[in-house]
Amino acid sequence: MTSDIKETTAKEPLNFIEEIIENDIAEGKNDGRVHTRFPPEPNGYLHIGHATTIFLNFGLARKYNGLCNLRYDDTNPVTEETEYVDSILEDVRWLGFEPDNIFYASDYFGQLYEFAVQLIQKGAAYVDDSTAEEIAALKGTPTEAGQPSPYRQRSVEENLRLFEGMKNGEFPEGSRVLRANIDMASPNMIMRDPVLYRIKFAHHHRTGDEWCIYPMYDMAHGQSDSIERITHSICTLEFAPHRELYDWLIEQLGIFPSRQYEFARRNFSYTVVSKRKLLKLVQEGFVNGWDDPRMPTISAMRRRGFTPSALREFSRRIGIAKRENLVDLGLLEFCVREDLNKLSKRVMAVLNPLKLVITNYPEGEAEWLETENNPEDPESGIRLLPFSRELWIEQDDFMEDPPKKFFRLSPGQLGRLKSAYIIQADEVVKDGEGNITELRCTYFPESKSGQDTSGLKPKATLHWVSAAHAIPAEVRLYDRLFMVEDVDDDPRDFKDLLNPDSLVVIENAWLEPSLADALPGEYFQFIRMGYFTPDTDSKPGKPIFNRTVTLKDAWAKIAQKG
RNA sequence: UGGCCUAUGGUGUAAUCGGUAACACAGCAGAUUUUGGUUCUGUCGUUCAAGGUUCGAGUCCUUGUGGGCCAACCA
């Protein structure tokens, strides 16, 4: 009772954007309407940073009964492709959101052209014949004012004629641009007559060859927001200087006043989120594609076995603010474990097999033992596991000469085989080089799991699979992609910072037979080893599993300390 | 002698008229456990600096300092 009261009264603190929205609603701004948008450029796959932005924009719309559009910011045909368009929608949906509208900035090319004409007509824009270098030279520096272009004083008529000529393909690429007529001495560099339109004879993924002039970001983004009557246009901090231009264009055109708000983009430890760098990793073969499970892309995390709800929880916990940050990806691992602990089926798999023979168990016999599917979920039920004389156990679970704190199997010691019997290690069999090839044990028939009358108290419980029933599998173990925490801050080339052990492939793991038909999208805990999911490379008869994340490992910590 | 943003434990965020600096992760210690998992308990540790206003400052004022972004026909 009291805890219920606590839960309902303890309300989550608002982030600064929610405060702005609630103030706007209280003031009746936009008739209390909230409309956001998620505006990716389709020039790469979405990554973990986009995921937090998706949760922000779609989450805000959901929280305030508003709408959220997906809008592809496709104003640069040179870098944009439909492959990316498709993957973006798939990722948004996988995260649990259906856009209220799916738009493209390219839908507005006609309207945007009209806007540009309006600007020219009121003397707010002009065609400049300068080269890119000439424009840059007259731009000035942050501490020095720029100089006006020699083409700045052209008549409205001439500007109109030339801009139309640009549109009609009469001029070569790079020969002319349309510029806003603002203030070459503005302390804000963005306001020094920014380029609005450029000529590009490039094939656009949607409009084909219809256009040879394309609007710049500033000429497209705010106008698209306005056309869609977006109320809160949320972007990252590096666009803050653009806000002045965003507002100026809305003012000049007299269109719906969308408002821009900026938050700090997220940086993550041991990875990169720059699209340029991610593209390089893919193109130069440092990873096996955009969805290589080591990548920070949404498609990679899906393939690796992360859940949408873990990502959502992670996003909620890191919050939103305006300061520089480096988010510990360990928190994401925590969220993944927290979610998977509740929903994943417990199964047994041996990754580095050591043969174990139970010398007092009859040869050729097998019995099927009950085991629970998930102790965290009483609804999950039980299943049967085959047990027999020859088993596989984990190599790490036996030490011939163990340190004090090791309480798994060692000569003479007892161990519990999970859901089966207690055994005692008797004898080690070695090959000519002294490697342990087999462990011979005896078992206690009266110690059967669930009906144990042996009175024995082994300190460790081991996972195992019956050798005669096990199915072979490949298992891929992933570790952090980079060796340094803050990759972007490191002076070395980021490709020299890659972790050489980010992928370890185990070719000959043994799985319990129930895993034979597991499909991608199913989540498992390999008991004592971690969370795993079938990889999309799996073939019938040749399952491949990805390790999503390890379990917390207290023993590893102890062993490391010595 | 530019403009804008920003500064709270190791990390990420709270503290909504100026009123006991808190939550989570990580760390450490312990209990429980047929997963060295989970769960539970305890614990460590924080306001960039210096002045000022005030009974009282993370919050207000002044002056500094640190970090980030801006000079693509990228977004």
Side-chain angles (χ1 to χ4, degrees), chain A residues 12-15 19 39-41 43 73-76 78-80 128 130-132 135-137 139-146 173-179 185-192 195-200 213-214 216-218 220-221 235-244 262 264 266 269 275-276 317-328 330-335 337-338 341-342 346 348 371-372 375-376 405-408 416-420 422 447 449-450 452 458-463 485 525-530 550-559:
Chain A
E12 288 266 302
L14 302 178
N15 64 47
E19 278 179 24
E41 183 189 9
N43 67 346
D73 223 342
D74 56 350
T75 57
N76 185 359
V78 177
T79 56
E80 294 154 8
D128 193 331
S130 306
T131 64
I135 290 177
K139 199 102 185 184
T141 70
T143 51
E144 289 171 88
E173 227 174 89
S175 62
R176 288 187 165 91
V177 291
L178 182 73
R179 287 229 260 169
S186 172
N188 181 356
M189 300 287 293
I190 302 293
M191 296 299 276
R192 321 246 263 227
V195 173
L196 264 21
Y197 261 94
R198 76 286 215 193
I199 299 169
K200 270 184 198 288
I213 55 170
Y214 291 93
M216 297 287 289
Y217 167 84
D218 292 299
H221 199 103
C235 63
T236 46
L237 233 35
E238 62 265 32
F239 291 97
H242 292 253
R243 189 179 57 236
E244 191 179 352
E262 310 90 18
R266 327 300 324 208
S269 59
K275 277 193 192 169
R276 198 194 99 247
R317 283 176 185 248
I318 63 179
I320 166 108
K322 297 184 81 162
R323 54 178 145 157
E324 277 290 295
N325 59 77
L326 182 64
V327 178
D328 182 2
L331 181 60
L332 176 56
E333 293 196 355
F334 169 84
C335 294
R337 288 191 187 104
E338 184 184 44
N341 177 50
K342 284 178 298 187
R346 269 58 171 177
M348 291 207 267
T371 190
E372 51 193 346
E376 304 293 322
K405 288 176 177 168
F406 183 88
F407 52 80
R408 274 111 97 146
R416 155 73 68 183
L417 294 174
K418 170 79 179 170
S419 296
I422 293 170
S447 68
S449 196
D452 182 358
K459 276 196 279 187
T461 300
L462 276 39
H463 62 280
E485 188 172 24
Q525 184 195 102
F526 289 2
I527 288 180
R528 304 205 303 139
M529 301 307 286
T550 60
L551 254 26
K552 272 173 71 180
D553 190 348
W555 165 242
K557 220 173 258 178
I558 296 165

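Values in this document were obtained by computation on a predicted structure and should not be read as measured data. Reminder, nothing fancy here: chain letters follow the sequence lines and each chain counts from 1.
- Within 4.0 Å of A:S186, counting heavy atoms only, lies no atom of the nucleic acid at all.
- The separation between A:D553 atom CG and B:G27 atom P is 12 Å, rounded to whole Å.
- With hydrogens and angles ignored, the 3.5 Å screen pairs no side-chain donor or acceptor of A:R317 with any backbone N or O of A:L332.
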Under a 4.0 Å heavy-atom criterion, the protein footprint on nucleotides 70-75 of chain B, written with B, S and -, is SB-BSB

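- Residue A:R528 places no side-chain atom within donor-acceptor reach of the base of B:U35, judged by atom type and a 3.5 Å distance cut-off alone.
- A:R416 has no side-chain polar atom (N or O) that falls below the 4.0 Å cut-off from OP1 or OP2 of B:G36.
- Which of B:U6, B:G36, B:U34 sits closest to the side chain of A:I558 comes down to B:G36.
- When the P atom is compared between B:C48 and B:G66, the two are found 16 Å apart, to the nearest whole Å.
- Among the heavy atoms of the strands lying under 4.0 Å from A:K418 is at least one base atom, whether or not backbone atoms are also near.
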**OP:** Tell me, with the steps shown, if A:L462 and A:R408 meet side-chain contact (heavy atoms from CB on, under 4.5 Å).
**Re:** CA-CA 8 Å; A:L462 276 39; A:R408 274 111 97 146; 4.1 Å; yes

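- For the pair A:M348 CE and B:U34 P, the interatomic distance rounds to 15 Å; values are reported in whole Å.
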Check your understanding: Could you walk me through whether A:I527 and A:T461 pass the side-chain contact (heavy atoms from CB on, under 4.5 Å) check?
Key -> CA-CA 10 Å; A:I527 288 180; A:T461 300; over 6 Å; no

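- Between the side chain of A:R323 and the base of B:G67, no donor-acceptor pair of N or O atoms lies under 3.5 Å.
- Look at the P atom in both B:G68 and B:G45: the space between them is 31 Å, to the nearest Å.
- Rounded to an integer number of Å, the gap from CZ of A:R346 to C1' of B:G37 is 8 Å.
- Anti is the conformation of B:A24, whose glycosidic angle sits further than 90° from 0.
- Rounded to a whole angstrom, the distance from the C1' atom of B:C28 to that of B:C70 is 45 Å.
- Residue-level contact check: A:L326 touches the backbone only, with heavy atoms under 4.0 Å from sugar-phosphate atoms and none from bases.
- Between A:I135 and A:D128, the closest side-chain pair of non-hydrogen atoms falls below 4.5 Å.
- Residue A:F526 contributes atom CZ, which lies 19 Å from atom P of B:U38 at whole-angstrom precision.
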- Could you give me the CA-CA distance, side-chain angles and deciding distance for A:T75 and A:H221, then say whether side-chain contact (heavy atoms from CB on, under 4.5 Å) is met? CA-CA 9 Å; A:T75 57; A:H221 199 103; over 6 Å; no

ask   = Taking it one step at a time, do A:N188 and A:S186 satisfy side chain to side chain donor-acceptor pair (under 3.5 Å)?
value = CA-CA 5 Å; A:N188 181 356; A:S186 172; 5.4 Å; no

Check: protein-nucleotides 22-26 of chain B nitrogen or oxygen pairs below 3.5 Å:
| residue | atom | partner | partner atom | Å |
| --- | --- | --- | --- | --- |
| B:A24 | O2' | A:R317 | NH1 | 2.3 |

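- Using a 4.0 Å heavy-atom cutoff across all strands shown, A:F406 reaches at least one base atom of the nucleic acid.
- The interatomic distance linking A:M529 (CE) with B:G36 (C1') rounds to 13 Å, in whole Å.
- Within the model, atoms CZ of A:R337 and NZ of A:K342 stand 15.0 Å from one another, a figure rounded to the nearest 0.5 Å.
- Looking at heavy-atom distances under 4.0 Å, A:G530 makes no contact with the nucleic acid at all.
- If you check distances only, the side chain of A:E324 never reaches the base of B:G12 with a donor-acceptor pair under 3.5 Å.
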Dot-bracket assigned to RNA chain B with the 3.5 Å Watson-Crick/G-U criterion, [ ] for crossing and | for other-strand pairs, is .((((((..((((.....[..)))).(((((.......)))))....(((((..]....))))))))))).....

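- When ring centroids are compared, A:H242 and A:Y217 come within the 6.0 Å threshold.
- Side-chain proximity of A:N15 to the nucleotides B:C5, B:U8, B:A14 is greatest for B:A14.
- A donor-acceptor pair under 3.5 Å is absent between the side-chain atoms of A:R416 and the main chain of A:P458, judged by distance alone.
- For the pair A:K342 NZ and B:U38 C1', the interatomic distance rounds to 12 Å; values are reported in whole Å.
- Comparing the same atom, P, in B:A26 and in B:C69 gives a spacing of 31 Å after rounding to whole Å.
- Between B:A57 and B:A49, the distance separating the two C1' atoms is 15 Å to the nearest Å.
- B:U43 and B:C4 are spaced 47 Å apart, taking the P atom of each and rounding to whole Å.
- For A:R198 (side chain) and A:E173 (main-chain N/O), no donor-acceptor pair under 3.5 Å exists by modelled atom type.
- Distance CD (A:E376) to C1' (B:U32): 13 Å, rounded to an integer number of Å.
- At a cut-off of 3.5 angstrom, the base of B:U16 holds no donor-acceptor pair with the side chain of A:E19.
- Within the 4.5 Å cutoff, side-chain heavy atoms of A:V195 are placed close to those of A:R179.
- Contact detail for A:K418 and A:M348: the closest heavy-atom pair is O-CE, 3.7 Å.
- With both ends at atom C1', the span from B:U13 to B:U62 equals 29 Å, rounded to whole Å.
- Residue contacts shown for A:L417 are absent, as no nucleic acid heavy atom lies under 4.0 Å away.
- Looking at every heavy atom in both residues, A:G140 comes nearest to A:R192 through C-NH2, 3.7 Å.
- Among the protein residues, A:R192 comes within range of no part of the nucleic acid, since none of its heavy atoms lies under 4.0 Å from any strand.
- Counting only distance, with no hydrogens or angles, the side chain of A:S419 and the backbone of A:T371 share no donor-acceptor pair below 3.5 Å.
- Using a 4.0 Å heavy-atom distance criterion, A:L551 is classed as a base contact.
- A:I318 has its side chain out of reach of A:N325: every pair of non-hydrogen atoms, C-beta onward, lies at least 4.5 Å apart.
- As rounded to the nearest Å, B:U46 and B:U59 have C1' atoms that lie 16 Å from one another.
- Per the geometry, NZ belonging to A:K322 stands 12 Å off P belonging to B:A14, to the nearest Å.
- Between the side chain of A:T461 and the base of B:U35, no donor-acceptor pair under 3.5 Å is found.
- Nucleic acid contact class of A:I527 (heavy atoms, under 4.0 Å, all strands): base.
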